[in-house]
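Working notes, structure below.
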Amino acid sequence: MQNNFVEELRWRGMLHDMTPGTEEQLQKELTVGYVGFDPTADSLHIGNLVPVMLLTHFQRCGHKPLVLVGGATGRVGDPSGKTKERQLLDEQTIEKNLKAQQIQLSRFLNFSEGSNKAEIVNNYDWFKELNFLDFIRDVGKHISINYMMAKDSVKNRLETGMSFTEFSYQLIQGYDFFHLLKHKNCKLQMGGSDQWGNITTGTELIRRMGGGNSFALTAPLIKKADGSKFGKSEGGNIWLDPKKTSPYQFYQFWINVSDEDVINFMPIFSLKTRSEIESLIAHHKEAPHLRTLQKALAEEMTIRVHGEHDLEQAIKASNILFGKSGEEELRELNEATLLEVFESVPSYNVNYAALSDGIVELLATHTNILPSKSEARKMLKANAISINKNKVTDGIELTSDNLIHNAYLIVQKGKKNYFLVNVKK
RNA sequence: GGGGGGAUACUCAAGCGGCCAACGAGGACAGACUGUAAAUCUGUUGGUUUUACCUUCGCAGGUUCGAAUCCUGCUCCCCCCA
């Protein structure tokens, strides 16, 4: 093979566990491997990105990745890591989510050419044909309840209770693996370390059903240095869909990754070579305040997910929003540029007459910049509100002099939260 | 079925007739510092017509000048006995 995939994962810090013989198998021949995705939302978020990168590296090492979308399993719900019974999704929602996620995945994997081009499979395609009696007779027969109960995902739920549906999940997932081995010669299943139990049910099932050897490999679940969950920001999830998370916000997420975390994240998400990454890390450690690593990571990710043009916009917006620029620089921008820069910032339309109601009304009534007038007064008192880059106090009067290009107010809450108010005359 | 305990703001958790919009901790937001960091320090954390008023302490009633606090019924949770 071109590259040793396992070795690649090792230095990138993406290897948690694997079954014996996995590395040998991967070195021996072009191997087909898969990762399953849950169609729980109509977009992937960056929490899904680790398994995506697993497949990306897998393909770059010369192997053939399969993306399994859980059209069937999404109808059941994986109990792993869940404390409560999951809400079931209806068919139409799942179909819609699948389509949207497929498009996003194509930015990471090559689906079009080569002997190892990626493929998408949907487990609903084989489960819809399979009836319950056949399943419990042909598949259920091979795995004991004792074996299934020993899994952490089940053990952890014995106290609080779980439905038979969720209990069956590992068998269903296991059968996916068996099916893919039989029809696609897929010998490896990968996933996050929380999937270890489900994956090994698959290899066990395959062994008992006479399918021969199959392999499992998991990546560690990434956590931030402070222990909090990766992939969330104040606003919630960071999505790949630009309608849910604008390219600017996406870029900002990576720029804001902490010094400690970025050292771990870089090798996981970047496709740069080992030596490139190591020299970037060395530079980062010497001069962390320059944030070379964060910038490199943010650029690479934004290009891959959104493209060159969106990256340029994001950088431009970031420079204006966080550079040393003040009101003067804002006013120097022509209207088109101004709108471009603030494109991904929440914006509001307000009538000119509303300005005379005062700043508190503007913040809390005419716009939703702040949830209530009390909140607005508090923020003003705390010196947290800026208009056109200048801090303002409660009594300030707003006139047409404040408007940029005779139409816009740039409002800031704190340092990082920008709002564009479009004032209509 | 019998007995006991509990339900308070985003979370945990005090309060047990007026001084309670409710101690404290965490979280979150903001200010200073800084690198759009981290750590640290400070402030805020129901609403409004903001020195006052209004709505909140599981739900519905009641007692009282006055209740998160007392009484009655209901719902849900935990423990013990059967």
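Keep in mind that this is a model prediction, so the values were computed, not measured. Per chain, numbering begins at 1; letters A, B, ... match sequence-line order.
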How does protein reach along nucleotides 44-49 of chain B, written 5' to 3' as B (base within reach of a heavy atom under 4.0 Å), S (only sugar-phosphate), or - (no contact)? SS-SBS
Considering only the P atoms, how many Å lie between B/G3 and B/U55, rounded to the nearest integer? 39 Å
If I pick the C1' atom on B/U44 and the same atom on B/G26, what distance separates them, to the nearest angstrom? 16 Å
Atom P, compared across B/A60 and B/A67: separation rounded to whole Å: 16 Å
Same-atom distance (P) from B/A21 to B/G4, integer angstrom: 34 Å
Taking only residues two or more places apart in sequence, or in another chain, which ones meet A/N48 in a side chain to side chain donor-acceptor pair (under 3.5 Å)? none
Within 45° cone of A/F269 ring axis and under 6.0 Å: A/R304 NZ or CZ: no
Charged N to carboxylate O below 4.0 Å: is that the case for A/E328 and A/R331? no
Across nucleotides 32-43 of chain B, 5' to 3', mark each nucleotide with B, S or - according to how protein heavy atoms within less than 4.0 Å reach it. SBBBBB------
All ring-ring contact (aromatic ring centres under 6.0 Å, His included) counterparts of A/H306, not counting sequence neighbours: A/F250
Could you list the residues that satisfy salt bridge (Lys or Arg N to Asp or Glu O under 4.0 Å) with A/E332, not counting sequence neighbours? none
A/D125: which residues meet the salt bridge (Lys or Arg N to Asp or Glu O under 4.0 Å) condition with it, sequence neighbours left out? A/K128
Taking side chain to side chain donor-acceptor pair (under 3.5 Å) as the definition, give me every residue that meets it alongside A/E276, ordered by chain and number, with sequence neighbours left out. A/T273
Among all residues two or more places apart in sequence or in another chain, which pass the ring-ring contact (aromatic ring centres under 6.0 Å, His included) test with A/F58? A/F5, A/H63
Rounded P spacing from B/U56 to B/G2 in Å: 35 Å
For A/A219, side-chain contact (heavy atoms from CB on, under 4.5 Å) partners two or more places apart: A/V50, A/L54
Summary of salt bridge (Lys or Arg N to Asp or Glu O under 4.0 Å) pairs that have at least one residue in residues 387-402 of chain A, sequence neighbours excluded: none
What is the distance from CG of A/L380 to C1' of B/U50, rounded to the nearest Å? 14 Å
Expressed as a whole number of Å, how far does the C1' atom of B/G24 sit from that of B/C76? 28 Å
For RNA chain B, just give me the dot-bracket, please: Watson-Crick or G-U, both distances below 3.5 Å, ( ) intra-strand, [ ] crossing earlier pairs, | paired with another strand, . unpaired. ((((((((.[[[..)..(.....]]]((((((.......))))))(((...)))...[[[[[..)....]]]]]))))))).
If you measure from the P atom in B/A9 to the same atom in B/A68, how many Å do you get, rounded? 14 Å
For B/A25 and B/U45, measure between their C1' atoms and round to the nearest Å. 14 Å
If the condition is side chain to side chain donor-acceptor pair (under 3.5 Å), which residues does A/N264 pass it with, not counting sequence neighbours? none
